[in-house]
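Everything below concerns the one structure shown next.
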Amino acid sequence: MAELYDFDTAVDRRGTWCVQWDGVADRFGVDGLLPFTISDMDFATAPEVLAALRARLDHGVFGYTTWQQDDFRSAIAHWYATRYGTEIDTRQLVYGPSVLSQLSQLLQMWTGEGDGVVVHTPTYDGFRKAITGLGRELRGVPVGDEEALVRELARPDAKVLVLCSPHNPTGRVWTGAELTRMAELAERHGVAVISDEIHADFVHEGGVHVPWTRVAGEGRWALITSGSKAFNFPALTGSYGLIGDPADRTEYLRRMETAEGLASPAVLSLTAHIAAYREGEPWLDAVRAYVAGNLAYVAERLSADLPELGWEPPQAGYLAWIDLRAAGVVDDAELQRVLVEREKVAIMGGAVYGAPGFVRLNVGCPRGKVERGVEALVRAVRAVR
């Protein structure tokens with residue numbers, strides 16, 4: 001299906017104010033690097049989304065807008081029914097400007113300063129910033145370490161489990177059994193769950209995403225997500241969520257509409273979501289297949305040039321999480337120096353996510369760019385080990 005769309009031709013993003021290309025110096029100190037960094041893609045969004053946006057622009061009036069209308073709600077319900085075989089209760093829907101904004105509001109509702117917030121490690125840096133920035137204590141448990149998870153959830157001041165499902169940066173897809181176990185543990189210890197599922201639409205062949213709504217019990221919970229990751233329109237802003245408890249939904253919406261002054265959403269975000277969820281599935285399947293090919297290429301190159309890594313593609317996403325420790329990489333700073341100064345590429349170091357010795361390589365881009373990035377990474381690893 002990927003052959004129906006052109007993902008090989010590069011779209012020049014320079015000069016469009018984008019963080020990945022135009023903002024590379026903010027993180028790496030040097031302009032002009034070839035970036036494989038922040039998790040957006042270098043592809044134009046689905047043609048169906050672009051057509052809907054053009055039609056809305058042609059209308060010409062952009063007044064205050066409501067998200068509480070059937071076109072938006074039914075599109076989300078349709079997506080969950082067709083993509084995940086899951087019926088959602090649209091009365092549970094809420095809206096927000098971004099997933100991280102929703103996370104911040106829920107943390108403020110369900111925790112106090114100094115309370116413990118449990119996350120899996122390595123940890124997406126946006127989680128760390130939100131949690132610690134609010135004065136909460138981040139409690140990390142390694143992915144797959146149930147004993148550590150049980151221990152942290154049982155602590156009296158543990159108030160929230162922030163779940164990344166699928167997991168960023170590892171690309172791990174949680175099984176239904178794993179999620180059910182997390183729900184049971186959280187409910188037993190009175191810990192609320194916030195499940196960030198923004199990467200769910202990018203699960204690769206053989207994987208199955210289980211929405212939190214299918215495992216949530218009687219405990220406090222929220223599922224937060226957006227179509228912006230899979231369909232590549234984060235600059236339009238906009239996210240949505242489902243909150244189980246009616247009183248919590250009311251409080252969340254009160255905060256958004258009064259304390260935050262966000263009663264009116266971005267109309268182009270609503271337009272994009274509706275078009276993506278109603279018409280964009282063929283494009284999504286095509287771009288996902290193309291990215292799977294990129295990940296297979298990374299695996300092939302690393303197998304040939306750095307076989308000691310034993311690297312395999314992730315179960316979800318377009319972020320290649322690569323453990324370089326077997327190749328002798330122990331100094332992230334030196335590897336980054338070589339990547340930036342010698343290879344002229346920007347690749348996220350694992351220390352950003354609390355995992356020195358790793359890198360996170362964004363392959364949501366044309367194959368030619370991926371080839372340049374992997375070649376640069378291999379040369380840099382060989383130079384520093």
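Here, residue 1 is the first one in the sequence, and each next residue gets the next number. Computed over heavy atoms, backbone and side chain alike; hydrogens, waters and symmetry mates excluded. This is a predicted model, so every value here is computed, not measured.
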Inset, instruction - Give the C-alpha distance, both sets of side-chain angles, the deciding distance and a yes or no for side-chain contact (heavy atoms from CB on, under 4.5 Å) between L253 and V94. - result: CA-CA 7 Å; L253 292 173; V94 296; 4.1 Å; yes

Between [X] and [Y] (salt bridge meaning N to carboxylate O under 4.0 Å), is one present in this structure?
X    : Y    : result
R220 : D245 : no
R54  : D58  : no
E137 : R139 : yes
E178 : R181 : no
R13  : D40  : yes

Joint cluster assignment, [X] & [Y], ILVMFWY side-chain distance < 4.5 Å:
X    : Y    : value
V329 : V352 : no
V173 : W311 : no
L309 : V384 : yes
W110 : L107 : yes

Legend entry - Main-chain N/O of G116 paired with R136 side-chain donor or acceptor, under 3.5 Å: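 Pair absent, no side-chain N/O of R136 close to backbone of G116.
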
Legend entry - C365 backbone acceptor or donor facing D42 side chain under 3.5 Å: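 Side chain of D42 to backbone of C365, a donor-acceptor pair under 3.5 Å: no, none is there.
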
Inset, instruction - Give a yes or no on whether the ring-centroid distance for F231 and H273 is below 6.0 angstrom. - result: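 No, they do not, as the ring centres are separated by 6.0 Å or more.
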
Inset, instruction - Run the ring-centre check on F7 versus Y290 and record whether the distance is less than 6.0 Å. - result: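 For F7 and Y290, the ring centres are under 6.0 Å apart.
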
Inset, instruction - Provide the full list of ring pair (Phe, Tyr, Trp, His ring centres under 6.0 Å) pairs with a residue in residues 328-355, sequence neighbours left out, each pair given once. - result: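 Every pair satisfying ring pair (Phe, Tyr, Trp, His ring centres under 6.0 Å) with a residue in residues 328-355: W321-Y353.
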
Inset, instruction - Kindly state each residue pair satisfying ring pair (Phe, Tyr, Trp, His ring centres under 6.0 Å) with at least one member in residues 153-179, sequence neighbours excluded. - result: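 Those involving residues 153-179 are H120-W174.
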
Contact between [X] and [Y] at the side-chain level, heavy atoms closer than 4.5 Å - yes or no?
X    : Y    : answer
M256 : P97  : yes
L295 : V363 : yes
L57  : F62  : yes
L93  : Y240 : yes
T16  : C18  : yes
F43  : P366 : yes
L270 : T65  : yes
V141 : V119 : no

Could you tell me whether the side chains of [X] and [Y] share a donor-acceptor contact shorter than 3.5 Å?
X    : Y    : value
T123 : R128 : no
S104 : Q108 : yes
R214 : T180 : no
Y297 : R301 : yes

Holding to salt bridge (charged side-chain N to carboxylate O under 4.0 Å, His left out), I want the full list of residues that pass it with [X], two or more places apart in sequence or in another chain.
X    : result
R151 : none
E312 : none
R254 : E251

Inset, instruction - Check step by step if salt bridge (charged side-chain N to carboxylate O under 4.0 Å, His left out) holds for D285 and R83. - result: CA-CA 11 Å; D285 288 340; R83 196 75 178 178; 2.9 Å; yes

Inset, instruction - Taking the six-membered ring of F202 (Phe, Tyr or Trp), confirm whether the NZ or CZ of K229 is under 6.0 Å from its centre and within 45° of its axis. - result: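 That pair does not qualify as a cation-pi contact.
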
With a cut-off of 6.0 Å (strictly less than), are more than 12 heavy atoms of other residues, nucleotides or ligands near [atom1] of [X]?
X    : atom1 : result
R372 : CZ    : no
E87  : CD    : no
E300 : CD    : no

Legend entry - D332 vs R337, salt bridge (charged side-chain N to carboxylate O under 4.0 Å, His left out): CA-CA, chis, key distance, verdict: CA-CA 9 Å; D332 274 20; R337 186 189 67 78; over 6 Å; no

What's the spacing between [X] [atom1] and [Y] [atom2] if we round to 0.5 Å?
X    : Y    : atom1 : atom2 : answer
T111 : K159 : OG1   : NZ    : 9.5 Å
W283 : E48  : CH2   : CD    : 9.5 Å
D70  : T90  : CG    : OG1   : 8.0 Å

Legend entry - Full working for side-chain hydrogen bond (donor to acceptor under 3.5 Å, both in side chains) between W21 and D12: CA-CA 9 Å; W21 288 81; D12 188 358; over 6 Å; no

Legend entry - Verdict with supporting geometry, R379 and E343, salt bridge (charged side-chain N to carboxylate O under 4.0 Å, His left out): CA-CA 8 Å; R379 286 193 298 265; E343 299 297 337; 2.8 Å; yes

Inset, instruction - Can you run down the side chain to side chain donor-acceptor pair (under 3.5 Å) pairs that involve residues 192-202, sequence neighbours left out, and say none if there aren't any? - result: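 For residues 192-202: W79-D201, Y84-D201, S195-E197, E197-H209.
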
Inset, instruction - Step by step, work out the salt bridge (charged side-chain N to carboxylate O under 4.0 Å, His left out) result for D331 and R385. - result: CA-CA 9 Å; D331 187 344; R385 65 179 179 181; over 6 Å; no

